[in-house]
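The shown structure was predicted, so the numbers you read here are calculated from the model rather than taken from an experiment. Just the heavy atoms: all of them, side chains too, but no hydrogens, waters or symmetry mates, feed the values below.
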Amino acid sequence: MSAAPEPGGAPPDPAVFRRLMGRWATGVSVVTAREDGHDLGLTVNAFLSVALVPPTVLISLSHDADTTPVIGRTRHFAVNLLAFDQRGLSERFAKTLPPAEKFRGLPVERGNTGAALLPETLGSLEARVARELDVADHRLFVGEVVALHPGREVPPLLFFGSRYAESDGSRTLTLGPPPAPSTKG
Ligand SMILES: Cc1cc2nc3c(=O)[nH]c(=O)nc-3n(C[C@H](O)[C@H](O)[C@H](O)COP(=O)(O)O)c2cc1C
């Protein structure tokens, strides 16, 4: 491991930062929003439970993502937690597609906020934006949870080292091949 740089020294190498963060395993979610009858959504692993009382979450979205300004305006979003067998949904929502394409053929449900709740997930939550903060090329949304929708009790889809770890539904996880490169995020 390299020594910490002296204050005022060279900034950390972004490639090394990216690789190190890739060692941090996460779940995978699809964040959805709805405006004027149109659904939007994207794959997100920068999702965090911040506090239990009141239930509060945080998401970090690229300014480039189509969903980011919509959440900024509508002040609501849903987080859909993907199950081990939903890699296809993660890949679909990580593509830059017209929003209607992303939702094509998906039998979504509606909760309190109108945001799409995706089928067959581990569960979904809906949140109202309580605070937001622009950091570098991302916007952080702190959401107060307004509704919970528990789903299937099966293993999660996991992301680690730029790959999905998949399960056959038992306790065994297998590291899959790298996903197709994304143009954003
Ligand atoms: C596993 C995974 C996790 C991702 N996590 C995030 C994230 O936390 N925030 C973000 O802005 N983009 C994230 N992305 C990238 C977006 O899903 C991607 O840029 C997507 O194309 C954005 O949708 P849009 O192009 O329709 O706006 C992630 C992609 C993958 C594959």
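Closest non-hydrogen pair, Gly111 versus Leu117, comes out as N-CD1, 3.7 Å. Leu82 and Leu122 make their closest contact through O-CD1, 3.5 Å (heavy atoms, listed as atom of the first residue, atom of the second, distance).
Contact of the Thr26 side chain with the Met21 side chain is not registered, since no non-hydrogen atoms from C-beta on lie closer than 4.5 Å. When side chains are defined from C-beta on, Asp66 does not count as touching Leu42, because their heavy atoms never get closer than 4.5 Å. Put simply, the side chain of Leu125 reaches to within 4.5 Å of the side chain of Val57, judged on heavy atoms. The shortest side-chain heavy-atom distance between Phe47 and Leu81 falls under the 4.5 Å cut-off. Using a 4.5 Å cut-off on side-chain heavy atoms (C-beta onward), Asn80 and Thr32 make contact. Using a 4.5 Å heavy-atom threshold, the side chains of Val79 and Val30 count as separate. Residues Ser124 and Leu118 have side chains not in contact (no heavy-atom distance under 4.5 Å, counting atoms from C-beta outward). Within the 4.5 Å cutoff, the side chain of Thr56 has heavy atoms near those of the Val142 side chain.
Put simply, NZ on Lys102 and OG1 on Thr43 are 7.0 Å apart, with the number rounded to the nearest 0.5 Å. Here the CZ-CG distance, from Arg23 to Leu20, works out to 9.0 Å after rounding to the nearest 0.5 Å. A distance of 13.0 Å separates CZ of Phe160 from CG of Asn45, quoted to the nearest 0.5 Å.
Without hydrogens or angle criteria, Gln86 side chain to Pro119 main chain gives a donor-acceptor distance under 3.5 Å. A donor-acceptor distance shorter than 3.5 angstrom exists from the side chain of Arg152 to the backbone of Glu120, with no hydrogens or angles considered.
In this structure, a donor-acceptor pair under 3.5 Å is present between the side chains of Thr113 and Glu126.
Residues satisfying the side chain to side chain contact (heavy atoms under 4.5 Å, CB included) test with Glu153, not counting sequence neighbours, are none. A search for side chain to side chain contact (heavy atoms under 4.5 Å, CB included) contacts involving Ala46 returns Ser60, not counting sequence neighbours.
A salt bridge links Arg75 with Glu132: the distance from a Lys NZ or Arg NE/NH1/NH2 to an Asp or Glu carboxylate oxygen falls below 4.0 Å.
Atom CD of Glu109 has 12 or fewer heavy atoms from other residues, nucleotides or ligands within 6.0 Å. In this structure, Arg110 places its CZ atom where more than 12 heavy-atom neighbours from other residues, nucleotides or ligands lie under 6.0 Å away.
Hydrophobic clustering places Val44 together with Phe141 (ILVMFWY residues linked when any side-chain heavy atoms are closer than 4.5 Å, directly or through intermediates). Both Leu48 and Val135 are assigned to one and the same hydrophobic cluster, defined by single-linkage of ILVMFWY side chains at heavy-atom distances under 4.5 Å.
Screening residues 69-107 for ring pair (Phe, Tyr, Trp, His ring centres under 6.0 Å), with sequence neighbours left out, gives Phe93-Phe103.
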